[in-house]
Amino acid sequence: MYEENGTRYVLGAGTVAKYKKELEGATLVDTVKGSTFVGRTYEPLFPYFADQPNAFRVLGADFVDTEEGTGVVHMAPGFGEDDQIICEENGIDVVVPVDDSGRFTEAVTDWAGVNVFDANKPIIQHLKEQGALVKHETYEHNYPHCWRTDEPLIYKALGSWYVRVTDFRDRMVAHNQKIRWIPEHIRDGQFGKWLEGARDWSISRNRFWGTPIPVWKSDDPESPTPPECYGSIAELEEAFGVEVKDLHRPAIDELTRPDPNVPGATMRRVPEVLDCWFESGSMPFAQVHYPFENKDWFEHHFPGDFIVEYVAQTRGWFYTLMVLGTALFDCAPFRNCICHGILLEPDGKRKLGKRYGNYSSPDEVFDTRGSDALRWYMMASPIMRGGDLRFDSSDAGLGDVTRLVLNPIWNAYYFFTLYANIDGVRATFRTDSDQLLDRYILAKTRELVENVATEMDDYDLAGACAEITAFIDALNNWYIRRSRGRFWGESGAEAEQSAYDTLYTVLVTVCQVTAPLLPLITDAVYMGLTGDDSVHLTDWPDAESFPLDHELVADMDRVREACSTALALREEHGLRTRLPLASLMIAGHDATRLEPLKHLVQSEVNVKAVELTEDLEAHATFVLSPDRRKLGPKLGAAMKDVIAATRSGAWTKNDDGTVTAGEVTLQPDEYELKLESKEGETSAALKGNDAVVVLDVDVTPELEAEGWARDLVRKVQQARKEADLNVTDRIVLAVDVHEGCRAAIETHAAYIREQVLATELVFGAPEDGMHTVETTLGAGALGLGLRVVTSS
RNA sequence: GGGCGUAUAGCUCAGCCGGCUAGAGCGCCGCCCUGAUAAGGCGGAGGUCCCUGGUUCGAGUCCAGGUACGCCCA
């Protein structure tokens, strides 16, 4: 408390420092607790409500910040929730001297009709003139603005209609526990917390557009007639005796009837309309006009299996569904709920939103990238698990989908149609081919159908996407690649037909499995393949109709990996794939099981022979891999020694199947022995460390010669393409090659002629008129010439 | 100010109940292959798992505190 020339200033102790200038001439006369003033009256700054009972007294409240302003704050019960509560507790009535357009009413005589924001300056001026203003400051704080027009809003007390949510809040909390949320934390986090703190829901809005609230009241406020709420058109027609065709304003407001209890008074509809969220929450039943119609349908479709929306709907749609579901049916209105996250600008600074206009039109993305690409991109992204995603429609992410997912599917389809049309083949859907590669891809298709179904049932869409991508890779880069010869009849007509049938069957099934994720491309492929109606009209494929053979799938995938490893070894040693090598050995547990698949490795890696052996010691060294989960709890601190021994190799295998690592003996089920390739050998371990691949890198003159022959074939094929030849054109081939390679070409002349469709292979410079190419072969120059043989 | 999330490679993200040398795709670089060809395959480099402390034989993972960002609320 300060005093200057007989005037006393009272302010919070924490705010004194801010009024240094104003208090310059004043002296501190006393320090008292704020509570000292509680209950004391004061003279209002403005006289308008001076007669209001109980008003203009000092009240205590814990939400006032004693560091802000003067530590004293003015209450306006009609314009703030805290204010209203405190005033109500102290018997002060709510007064609202502001009209619906934000202007002071007649009660505020000096500024009646003035917009409250426009009145700020003159009011400050007025206070100054009265000497009531000590200091004028501007505070910056969050202020509510209209979401649509961005105009500042004011809080103002209004009568409103409520749903008494607090009455059944506990039921909602209980029902929520039974809902499966994606991501899981929403249940007890954002949504659970929101439900626990649920307040009564104001469902009325003071505007023209909207669903009119179906309540009629007497226009005489003293009337004893209770408000009437109508539940159907039939009830309205019965009560008002007229046909009701339009439930909207203004027509509905013309429905009036005399107040039965007060002569001259009229029952009129209340002016409010419903909060539009009330309608969103009514979706489950309102969409089918239940209970007036479709009772049977509703009873079989409620609660819904799943809904999906933006994560912030925890206080919007998810919530209003929950309120009405609980209030009306006492159950959760949906069983599963996917909350997707939001898209952010590429720099992550702001969300993409209507307000900001900071995104390109989806139509534009559809036109440039395709809606399938966009859909897949979203489905495979963290946004489906409630996370945020930085999104740039122009960046590579969407293009990657086209390149890595859409193109491969289309390529497989294109490959099929290209050769099926050339050969005039019609394929049938069948899953019974006995060809090895067919059985592999059919068994893998079965796993695809099962796994995608499991992942989708689990709402793991990103997992389903990954499953499909991996399958397409195996289809294109293994099945088709390794089966190519069969498609042009290298293995006979029967094998050719089963290749077409199998690829057809697999593609049809892939389309069905992928249809929910890529609805357009799968439909195009499906209809192109089958000539049937849309893939979206078919049932989910029956996994059971495909062969079950996990072992074959596992073995084949192991072989694929062995090939990758072998190709890596080739690169490491600078041995191009066209150069045949004598042999490749796969040494590992159960390696001999791969016997039936050997020929595939042979052609993929271009080796003359593939050997399989379980003789591990000869080709690999063992690495001890203790089971840490098992041993950790058992050994405690001794675990460190075991790991050290594992690293240093200080362990021995005992005859009884145990292993001694450092001081510790490990039981057979407490460790695994993994393989590592021996140093100095041209070998490498597979990823699972259960086998090693050993490549014979000894290049004999014979192998080198064959490699040159294949190089030559490749170069001639390239030349054919450059010369725009048809794939079936026969040619005369001139080869002008240095001495180092000539013998090799002679040895393999027949092979070369066959491969490049040459009726004749002549050595020497190309003739005039030939298509010529200057290139190299082996260590020297190569000149090629080719001419189409006139078809006879 | 409160609640709920998120932070891992240049980028976008996986990484379960704590356990092996932290993974994928893209991008970059190199190599290869090609009867799907303005495709395709193989490899390499690239990491302070946001920071600090704690629990533990062992932490990207659990706990506490902090920082930054997002959503929701006030």
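A, B, ... follow the sequence lines: proteins, then strands. Residue 1 opens every chain. Heavy-atom basis, side chains included; hydrogens, waters and symmetry copies ignored. Computed from a predicted structure; not experimentally measured.
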query = Expressed in whole Å, how much space separates the C1' atoms belonging to B:rA9 and B:rG27?
reply = 11 Å

request  = Report the distance from atom CZ of A:Arg486 to atom P of B:rG35, rounded to the nearest whole Å.
outcome  = 19 Å

Rounded P spacing from B:rC50 to B:rA7 in Å = 8 Å

task = Determine, answering yes or no, if A:Trp488 is stacked on B:rG35 under the 5.5 Å centre rule and the 30° plane rule.
result = yes

ask   = Just by distance, with hydrogens left out, do A:Asp423 and A:Trp488 show a side-chain donor and acceptor under 3.5 Å apart?
value = no

ask   = Can you tell me if the side-chain N/O atoms of A:Arg484 get under 4.0 Å from OP1 or OP2 in B:rG40?
value = no

Closest to the A:Gln190 side chain, choosing from B:rC33, B:rA36, B:rC72 = B:rC72

inquiry  = It should be established whether A:Tyr414 places a side-chain nitrogen or oxygen under 4.0 Å from OP1 or OP2 of nucleotide B:rA39.
reply    = no

request  = Rounded to the nearest angstrom, tell me the gap between atom CG in A:Asn606 and atom C1' in B:rC42.
outcome  = 15 Å

query = Under the ring-ring contact (aromatic ring centres under 6.0 Å, His included) criterion, do A:Tyr500 and A:Phe487 qualify, and how do the steps go?
reply = CA-CA 7 Å; A:Tyr500 278 114; A:Phe487 286 93; 5.0 Å; yes

inquiry  = Please determine whether a side-chain nitrogen or oxygen atom of A:Arg481 lies at a distance below 4.0 Å from atom OP1 or OP2 of B:rG41.
reply    = no

remark   = Of the listed B:rC33, B:rC42, B:rA36, the closest approach to the A:Ala568 side chain comes from B:rC42

task = Compare the minimum distances between each of B:rG5, B:rC33, B:rC42 and the side chain of A:Thr577, then state the nucleotide with the smallest one.
result = B:rC33

message = Less than 4.5 Å apart, side chain to side chain, heavy atoms only: is that true for A:Glu604 and A:Thr577?
response = no

request  = Ignoring backbone atoms, establish whether A:Arg482 has a side-chain N or O less than 4.0 Å from OP1 or OP2 of B:rG41.
outcome  = no

task = May I ask you to evaluate whether A:Lys193 reaches the phosphate of B:rC4, defined as a side-chain N or O under 4.0 Å from OP1 or OP2?
result = yes

key: Presence of A:Arg578 side-chain N/O under 4.0 Å of B:rC33 phosphate oxygens OP1/OP2   = yes

query = How far, in whole Å, is B:rC63 from B:rU48 if one measures between their P atoms?
reply = 25 Å

request  = Measure from CZ on A:Phe415 to C1' on B:rG40 and round the result to the nearest Å.
outcome  = 13 Å

query = Which residue lies toward the 5' end of RNA chain B, A:Arg403 or A:Leu475, if each is placed at its nearest nucleotide?
reply = A:Arg403

Distance between C1' atoms of B:rA22 and B:rG58 (Å, rounded) = 15 Å

inquiry  = Heavy-atom nearest nucleotide on RNA chain B for A:Lys721 versus A:Glu604: which residue maps closer to 5'?
reply    = A:Lys721

query = Of all the nucleotides listed (B:rC42, B:rC4, B:rC71), which has the minimum atom distance to the side chain of A:Tyr310?
reply = B:rC71

ask   = What is the minimum heavy-atom distance between A:Gly281 and A:Trp317, and which atoms define it?
value = N-CD1, 4.4 Å

message = Taking only side-chain N and O atoms of A:Asn407, does any of them lie within less than 4.0 angstrom of OP1 or OP2 on B:rA39?
response = no

remark   = note: A:Glu754, atom CD; B:rG35, atom P; distance rounded to Å ~ 14 Å

inquiry  = Say we look at B:rU61 and B:rC29: how far apart would their C1' atoms be, to the nearest angstrom?
reply    = 34 Å

Stepwise side chain to side chain donor-acceptor pair (under 3.5 Å) test for A:Arg560 and A:Tyr440 = CA-CA 12 Å; A:Arg560 289 170 66 197; A:Tyr440 162 70; 3.3 Å; yes

Touch class at under 4.0 angstrom, heavy-atom based, for A:Ala412 against every strand present = base

request  = Nearest whole angstrom, please: distance from the P of B:rG44 to the CG of A:Leu567.
outcome  = 13 Å

query = Looking at A:Val311 and A:Phe318, what are the two nearest heavy atoms and their distance?
reply = O-CE1, 4.4 Å

query = How would you label the contact of A:Asn477 with the nucleic acid (heavy atoms, under 4.0 Å): base, sugar-phosphate, or nothing?
reply = sugar-phosphate

